[in-house]
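Treat the numbers as computed from the prediction; the structure is a model and nothing was measured.
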Amino acid sequence: IGSGGMAVSETTGDWNTSSIAGRVRATKQGLIDEKGRTVILRGVNVGQKGDTYLPKHDEAAIKALVKETGINFVRFYIHWRKLEPKAHQFNREYAQKVATIAKSFTDAGVYVMIDLHQDVWGEPFSCSGAAEWTSMGLSRAQTPMTKGLPWQAQYLDRRVYQSFNHFWNDDSLPGDNMSLQDHYAKALSMVAQELANNDMVLGYDMINEPFMGEEIEFALDELVEDMASDFDNDIIRATIKSLSKGGNVTQEVGNQLISHFQKAENFYKTFKPFARATAAFEKRLAKFYKKVGTAIRKEDQSAILFLEPFALAGVGLPSFLHNPGFDNIVYTPHLYDCFMDSGLPYDNDDSRVLNALEAHVETAKRLEAPLVIGEWGHLPKEPERFPVAKQFATTVCDAVNSASCGSAYWDHCPGDEKKAYFRAAFHPYARRVAGTITEMAYEDGVFRLSYEPAANIEAPTVIALPAICFGDNLAVDIKTDGSFQKEIQDNPRLLLLWARGKSVVVTVSSERKADEC
């Protein structure tokens, strides 16, 4: 199937890794494989925040996931509390299990990035992240203002941000000759030792959603002072109304705040008071990346270092993060709408998430690093909210395609690929491009890729055509002013294209109706 009278070759069969595997390095121009092709990562987060603290995926689950979605990437989240449950008691068995599961994914042609995960620091505050010994004995009662609010508000618990502060200060336990960051670096470098020989392990996201320490106090002080004149009267009215009716003050005030911040001018005005605190915090964060990244590189010189900014960059807050002094780095912020992600009323305004992605693109350019969105999604699972989930997913997928960046959906458990909300989050994409992308888009069931072939690359461009989006009867049209040859491989279904000329346009569709994808 083609046009222009070019040579065409078509085969079908099980995929082989010769065209889709091997080391990848990060450059100013993007992620590049050993053959010189641009690599685009699309995938999911996998792991558990309890039980074994490992993904539940066996070989069959991985195969089903890859076939349905066409992913080539997982962000595999693991936990410091399992690597070092007590100070100086490093759990190599857990690191070895991580390596075994990682190999299950890489054997299926899926790249792996290891994420050392945390939410709300860890014990005693949450089950995800650090062990309780790392919190330096903090045990104050929860801050009342966080009760009844979205789970993210727990970061404002004084115990939590003081735990972070000890960590960013690189403090030590009494009588310990290792600092907290030294413990952390040793734990993660132990994982790197186990994974160093696996060329399909990309590298390490050194901490998930890093949060401020003491900086949050003066950030909140500045925020309250800056915005008092805007919402003080609304807050007072909501409080009086709630008290007079015997209502829930937190809920009433929370509703007023939601209404206030859903207005674009108010939402973006909140960023200004955070600027000084974010810049100060990200200086400490860069020092941490320097220490931990150096420890990882001692075990694996080829490991990509994935750098996350302050957590709130994921909803649009500007980042001031700088390169701590490494090559082969990737900028890997998250991408969420703060209302949808928190389970708050969502107003169908996609401008917030699009503006956040635009800011990520600009920061990646400043860092001279490729952009991979480490998390996005967390779409609502309720059937009645599916139209909202699909609209949001389409918006993000289109924007990520337009930016030609990588992304990983949050998250996947075996069997999710059969669920409508999850399926909405996956579109066709070019896994590897032997040239320069000029357009990549998917609309109304039709995928389109335009690129300028590189004359010096012999390897094929590889396009994922997931089962989620296409039926069995593919219509493939290729236009070029040169020549081309193609193959179609199954399990997962990939289009491999060798092309010559100044430009190539690939269009793929199927007989499946667009509203079924």
Classify the ring geometry between Tyr409 and Trp376 as parallel (under 30°), tilted (30 to 60°) or perpendicular (over 60°). perpendicular
Of all the heavy-atom pairs spanning Asn208 and Glu375, show the shortest one and how long it is. OD1-OE2, 3.2 Å
Please check if the distance between the ring centroids of Phe211 and Phe310 is under 6.0 Å. yes
Spacing of CD1 belonging to Ile296 relative to OH belonging to Tyr204, to within rounding of 0.5 Å: 7.0 Å
Are the aromatic rings of Phe261 and Phe339 close, with centres under 6.0 Å apart? no
Begin with the C-alpha distance, continue with both residues' side-chain angles, and end with the deciding distance and a verdict on side-chain hydrogen bond (donor to acceptor under 3.5 Å, both in side chains) for Thr52 and Gln48. CA-CA 7 Å; Thr52 64; Gln48 282 195 92; 3.2 Å; yes
Exam field: side chain Ser126 to backbone Asp119, donor-acceptor pair closer than 3.5 Å: yes
Kindly indicate whether the side chain of Leu371, heavy atoms from C-beta on, has any atom under 4.5 Å from the side chain of His360. yes
Can any side-chain N or O of Glu222 pair as donor or acceptor with the backbone N or O of Ala219 at less than 3.5 Å? no
Flag side-chain contact, heavy atom, 4.5 Å: Pro466 against Glu417: no
Could you give me the CA-CA distance, side-chain angles and deciding distance for Trp133 and His183, then say whether ring-ring contact (aromatic ring centres under 6.0 Å, His included) is met? CA-CA 12 Å; Trp133 65 266; His183 281 275; 5.0 Å; yes
Centres of the Trp121 and Phe164 rings: under 6.0 Å? yes
Within the supplied structure, the quantity of interest is the number of heavy atoms (other residues, nucleotides, ligands) at a distance under 6.0 Å from His378 NE2; does it exceed 12? no
If you define the side chain from C-beta out and look only at heavy atoms, does anything of Ile373 sit under 4.5 Å from Leu357? yes
Please answer whether the main-chain N or O of Leu65 pairs with a side-chain N or O of Thr69 as donor and acceptor at a distance below 3.5 Å. yes
Under 4.5 Å between any side-chain heavy atoms of Met340 and Phe392, yes or no? yes
Hey, is NZ on Lys56 packed in by over 12 heavy atoms from elsewhere, all under 6.0 Å? no
Determine, using ring centers only, whether Tyr184 and Phe288 are less than 6.0 Å apart. yes
Closest contact, heavy atoms only, Pro210 versus Pro309: CG-O, 3.2 Å
For Cys397 and Ala425 the tightest heavy-atom approach is SG-O, 3.4 Å
Ignoring hydrogens and geometry, is there a side-chain-to-backbone donor-acceptor pair from Asp337 to Val315 under 3.5 Å? no
Supply the atom-to-atom distance Leu223 CG to Lys269 NZ, rounded to the nearest 0.5 angstrom. 10.5 Å
So, does Asp416 use its side chain to make a donor-acceptor pair with the main chain of Cys413 at under 3.5 Å? yes
Under 4.0 Å between a side-chain nitrogen and a carboxylate oxygen: does that hold for Arg352 and Asp347? yes
Looking at Ile40 and Asn72, what are the two nearest heavy atoms and their distance? O-ND2, 2.9 Å
Backbone N/O of Asp115 and side chain of Asn45: donor-acceptor pair under 3.5 Å: no
Are any side-chain N or O atoms of Gln118 and backbone N or O atoms of Val120, one a donor and one an acceptor, separated by less than 3.5 Å? yes
Main-chain N/O of Val372 paired to Thr332 side chain as donor or acceptor, under 3.5 Å: yes
Would the distance check show the side chain of Ser402 and the main-chain N or O of Asp398 forming a donor-acceptor pair, the cut-off being under 3.5 Å? no
For a quick check under 3.5 Å, do Gln391 and Thr395 share a side-chain donor-acceptor pair by atom type? no
Plane angle bin for His117 and Tyr77 - parallel if under 30°, tilted between 30 and 60°, otherwise perpendicular: tilted
Output yes when Glu308 and Arg75 qualify as a salt bridge under the 4.0 Å nitrogen-oxygen rule, no when they do not. yes
Of all heavy-atom pairs between Ser404 and Ile437, which one has the smallest distance, and what is that distance? OG-CG2, 3.9 Å
Would you mind reporting whether Arg431 and Leu41 have side-chain heavy atoms less than 4.5 Å apart? no
Indicate whether any N or O donor in one side chain lies under 3.5 Å from an N or O acceptor in the other, for Ser319 and Glu282. yes
CG of Leu285 to CE of Met206: how many Å apart, nearest 0.5 Å? 8.5 Å
How about Lys49: does its NZ atom have over 12 heavy atoms from other parts shown lying under 6.0 Å from it? yes
Are the charged groups of Asp327 and Arg297 less than 4.0 angstrom apart, N to O? yes
Side-chain donor-acceptor contact under 3.5 Å, Glu439 with Asn401: no
Looking at Glu215 and Arg284, does any basic side-chain N land under 4.0 Å from a carboxylate oxygen? yes
Sidechain-backbone polar pair: Asp51 side chain, Tyr53 backbone, donor-acceptor under 3.5 Å: no
What distance do Phe422 atom CZ and His412 atom NE2 have between them, rounded to the nearest 0.5 Å? 4.5 Å
State plainly whether the residues Arg423 and Glu68 are in salt-bridge range, i.e. N to O under 4.0 Å. yes
Against the six-membered ring of Phe218, is Arg276 placed for a cation-pi contact (under 6.0 Å from the centre, within 45° of the normal)? yes
First locate atom OH of Tyr331, then atom CG of Leu307, and finally report the distance between them rounded to the nearest 0.5 Å. 9.5 Å
Positive for side-chain contact (heavy atoms from CB on, under 4.5 Å) with Phe105, one of Val74, Val66, Ile71, Val201: Val74
Looking only at side chains, do Tyr268 and Asn355 share a donor and an acceptor under 3.5 Å apart? yes
Any Lys/Arg nitrogen of Glu123 or Arg81 sitting under 4.0 Å from an Asp/Glu carboxylate oxygen of the other? yes
Taking all non-hydrogen atoms of both residues, which atom of Thr278 and which atom of Pro318 are closest, and how far apart? CG2-O, 3.7 Å
Could you verify whether a donor N or O on one side chain and an acceptor N or O on the other, from Tyr161 and Glu214, lie under 3.5 Å apart? no
For residues Glu382 and Tyr421, is any side-chain donor paired with an opposing acceptor at under 3.5 Å? no
Anything under 30° is parallel, anything over 60° is perpendicular, the rest tilted; go ahead and classify Phe281 against Trp168. perpendicular
Please determine if Lys287 and Asp170 form a salt bridge, counting it only when a charged side-chain N lies under 4.0 Å from a carboxylate O. no
